[in-house]
Amino acid sequence: MTTTARPPAPPVRSHPENRKWVGKSIRRVEDPKFLRGRGGYIADLVRPGTLHAAVLRSPHAHARIVSIDTDAAAALDGVYAVVTGAQAAELTEPLPDFGPDPAKHTWRCLAVDKVRYVGEGVAVVVADDRYLAEDALALIDVDYDPLPPVVDPERALDAGAPLVHEALGSNLAYERTFDFGDVDADFAAADLVVRDRLRWHRSGGQPLETVGAIADFDPSTGQLTAHTNSLSFTSYLFMVANTLRIPANKLDIHQVPAGGSFGSKLFVTKPLVLAAMCSRLVGRPVVYLEDRVDNISNCDHHGSDRVYDVRLAVTRDGRIRGIDIDTVDDYGAYIQFGVGHHGNALAQVTGPYTIDSVRYRVRAALTNKNQQGAYRGFGSEVNNWMLEQMVDKAARELGMDPVQIRRRNFIRPDQFPYFIPTGNVYDSGNYDAVLDQALEIGEYDRWRAEQTQAREEGRYLGVGLIAAQERSVFSATEFWFWFDEPGAPVTSMPESVTLNVDATGGITATLYSCAFWGNSPETMVAQLVAEEFDCDPHDVSIIYHGSQGGLPATGPGGSRTTVMLAGAVEGASAKIKRKARRAASELMEVDPDDLEWFDGGYQVRGVPEQRKTLGDIAIALHLFKHSFPEDVESGLEESQVFDHPYTTMPSADRKDLGVFYPFMGHACHVPVVEVDIATGEVRILAYAAVHDCGTLVNPRSLAGHIVGGTAQGIGTALYEEFVYDDTGQLITSSFLDYSIPTAMEVPHLRIGHVETPSPYTPHGIKGGGEGGRMMAPAALNAAVNDALAPLGVRVTELPMTPDRLRAAIRAAGVVTGGR
Amino acid sequence: MKPPPFRYSSPTTVADAVALLAEHAADDARVLAGGQSLVPLMNFRLAQPGHVIDLRRVAGLDTIRLAGGELVIGAMVRQATAERSPEVALAAPLLAEALGHVAHPPIRNSGTVVGSIAHADPAAELPAVALAMDAELTAVGPGGERRITAADFFQGPFTTALGADEILTEVRFRSFPGGHAFVEFSRTHGNFAVVAVAVLVALADGRITRSAIAASGLGGTPLRLTAAEQAWEGSTAGSAAIDAAVDAGTAGLDPAGDLHAGSATRIDIARSCLREALERATERALDRR
Ligand SMILES: Cc1cc2nc3c(=O)[nH]c(=O)nc-3n(C[C@H](O)[C@H](O)[C@H](O)COP(=O)(O)OP(=O)(O)OC[C@H]3O[C@@H](n4cnc5c(N)ncnc54)[C@H](O)[C@@H]3O)c2cc1C
């Protein structure tokens, strides 16, 4: 395939105009059970007789394990097993790993020969309760031989740096430079090249319930039944089965509400593997539920940790021609998802702008830290921040207004579908409309006037304005297009729904992937089913099918759930209606073509008295099959497996990565801050956020996403950081030191919506699960820089702690704080 | 995050509590008040007392009373109770203001005023208040009762003059007629202070006659900023006096930095908090006349 020959887009859909339920704000159908404490989290599901596992964590960043003495621990009353890393390696295969060359950085449920970060598991104890298990941990004697740690990602790449994995021969797990478009020509033609070095430190999602699993191995059947709040994606279960050496059809995983994920529970296999290994060993059900320190230090889901050197080619009139990005990303000690985080970035690397060319160099450094996983944005939020920083800097250097430079570069509504230089497509959008609304509800002009006055009073008020993308519905090509050998054809990333209409016409929907992750799959499905069948969404029953015998399902991630479930509901509904129409035609003895669906039943066109409701039809199909022709089966149940609606192969030369994240949301955030230059404190005075993620299903739950995501983005911008000191010690291992914004730090948000339907998805829906956090860090950084502009200060490092702000302000000559 | 095994007693008199403490001294016995510091430490296994003596049922420790110009707060008075107490508002408005900065309401419902002082966290609010107010602590041990002044009590981070065999039964605050202010800088609401400043000031004829200034977060113990007190006492209340006090109070400070603020930033923050506290206390003193 060459760069220009693109496969055709899927057919453009026409969306129904009058919708009853899609687009209506309703109370979430999940809420009553959670609010009453009946959500059924892992800790709620532990039955008497279940044994408890606890993991011994490494106190060292980097050390060889010389020996482990477990005798005293094993001898403790109430202890059933003590398993070291070496023993675990006999009982299990390595954990599923999508990274480059996994054999060179083998990842197991417990460390074997050496520990590679503080918190890495060394041994696991199984005991009657967690207290006893921790008592036993204290009795395990590990002899460590400390090794020099490698902490800084750039130093990690120096020749002679200590090696995290000897087998790899260096700490550079991956490096590649891609050119999209004619970068050199665009830079040569530029009037101005804006440069900067930017630093984004690692933070992560903080779930209320940590990751856990309850495993119950039945030796008589060889079956392993497990409940876990992470993985339950039937599509990828065989990988865990392989780790456990259990046939995939003997593994039944049941969904448990996440209790908060924000990405951090994406495909977490370690707790499940530990619990399952222990259950099989002792022949009893075993629960392993991380405590907070386990989660913070050993969750395998730290967020991005990047250093950027960026150049932006611009013309005098503010046109952005090209961008040259060079980034080092600190992956920690393992690299389970490869550099998929940068695939996410490449999906929207040029933001909402008509930038013609992109150079993207990525180096993945391994260090002695817990590894990266997923965190709301999956690396694209970092790109948003970097790009908006650069655009603001360009505006400053050109003497342009931040609004003006953005408008000048926006992709216009008539340019969609728009292919960005990397080959990904943006399906639709109206960026000026979003910006207009943000300026209005954010009272941009009024705040600018207030700012002028505040400056006269010696106060530092700043107005931030950023425009950024929210890609949705990923295709797995982004995990392998990094390599010249195609890893696979495009994967279909399916999601399934079964709809069952009982004899009374009541509808039950069965889902096959993860339970509640905060993304309200039950509400989404209930509303979509109600839209199809004219019932009340609160009357739709939603159940989950475990993995065994389940239909294909990929689970949440990359803001895909609602779009994919909508496709599955649409397909299953059409099948139900087809059968119901035929049944109704038999019952009324009319031609099926003369029937129309209206208000919950089929009626004869033009003769509304002559109709059968779904209930009338259902009871006939359930109980009186013999009234129907031979080929009609009893019952009314249909399933749909819905595959990714729009994804294409990358070109062989990787000058075009294909379509891999096509449904492109957009948002504009306008925060107003005041910076106390004496202390480095940032106060948020006002905050407006306008989002467009296509057709809204439930504006109320989307607003919840925006608020929650923005709160997390405030954390990323101002408070949250996993800090490892120079020796590799994690010094933020509990919430005493890892600061999270409280309700008091999160302002009231003014939220606005613009709806630009996708031409390619049911109802025109796009994903919206990661929105707030993909914008807020950039927006707040812009606001702080705007506030400090009179001092000539630009902050280029997140989070913007008092220390970092004061250092920058001090460097600008404001030596002592205070008047 | 679970504690190792320990024994638990719940005595009903101070004498019994003291006897239990002596009896189980070899077991590293510890007193439990609101549990909001001790229990997390036990869960992290940073404290591993073999015996925990709960003061919850000890009679007479849960009262707040005014006695001869002194506010007396019993060892089991919860922070939330003190925060809402009219006696505290009247006799020690500085304490009332500081309590609003201690943790979050659910923690204050359990944590005690005396427990916070006994715990002596260098980032805690109440030790600074005790120091500014020249509070006295009543300790009871096998040898009987003694009074310890706040100035003598705090010896280092989490280290006090209290004997391992002693229990604090109450804290006595002397009321200070004049203006007060408690100003804190913390990363997020409800967090421990990065820096907190407690100020008391009395004025006569527009001059500063007496003051007491203490701060948390600037050393291993709360610090009494006597240089600041001396710098402005005798001067006319106003910005010149405040400037002098801020400069004197922060000169020569060399606080250890931590994750939340390095040494230099801490001094910057201290200057800002001190200035705001001096201004607010002065204003209130002027209003009081
Ligand atoms: C989430 C959280 C946030 C917090 N934030 C803050 C904050 O911002 N500022 C702050 O100052 N504190 C904060 N705290 C701590 C809280 O204020 C504690 O309640 C307080 O420090 C200790 O009081 P306590 O009654 O809970 O004491 P305990 O935890 O019961 O005891 C603490 C220590 O004091 C000893 N002790 C207690 N009472 C006596 C006594 N009568 N005689 C002798 N020894 C005694 C105990 O033996 C123990 O060593 C926070 C706690 C939590 C959990």
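Chain identifiers are assigned alphabetically (A, B, ...) following the order of the sequence lines, protein sequences preceding nucleic acid strands; residue numbering begins at 1 within each chain.
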Bottom line for A/L736: the part with an atom under 4.5 Å from chain B's heavy atoms is both
Max heavy-atom pairs within cutoff under 4.5 Å with chain A, candidates B/G257, B/A264, B/G190, B/A270, goes to B/A264
Search all heavy atoms of A/D676 against all heavy atoms of B/S272 and return the closest pair with its distance. OD2-OG, 4.2 Å
Would you indicate whether the side-chain heavy atoms of B/V194 and A/P802 approach each other to under 4.5 Å? no
More than 12 heavy atoms of other residues, nucleotides or ligands under 6.0 Å from OH of A/Y131: yes or no? no
Looking at chain A, which one of B/K2, B/R266, B/H260 has the largest number of heavy-atom pairs inside 4.5 Å, strictly under? B/K2
Can you give me the closest heavy-atom contact between B/H189 and A/T742, atom names plus distance? O-CG2, 3.9 Å
When rounded to the nearest 0.5 angstrom, what distance separates CG in B/D258 from CG in A/D737? 8.0 Å
B/P40, part contacting chain A, at a heavy-atom distance under 4.5 Å: neither
At what distance, to the nearest 0.5 angstrom, does CZ of A/R806 lie from OG1 of B/T265? 7.0 Å
Please indicate whether A/R199 has more than 12 foreign heavy atoms, meaning atoms of other residues, nucleotides or ligands, lying under 6.0 Å from its CZ. yes
Ignoring hydrogens, what is the shortest heavy-atom contact between A/S739 and B/N191? Give both atom names and the distance. OG-ND2, 4.3 Å
Rounded distance [0.5 Å steps], CZ in B/R45 versus CG in A/L137: 7.5 Å
Region of A/L805 that comes under 4.5 Å of a non-hydrogen atom in chain B: neither
Name the region of A/V293, side chain, backbone, both or neither, that has any atom closer than 4.5 Å to a heavy atom of chain B. both
Nearest heavy atoms of A/D135 and B/P4, plus distance in Å: OD1-CA, 3.5 Å
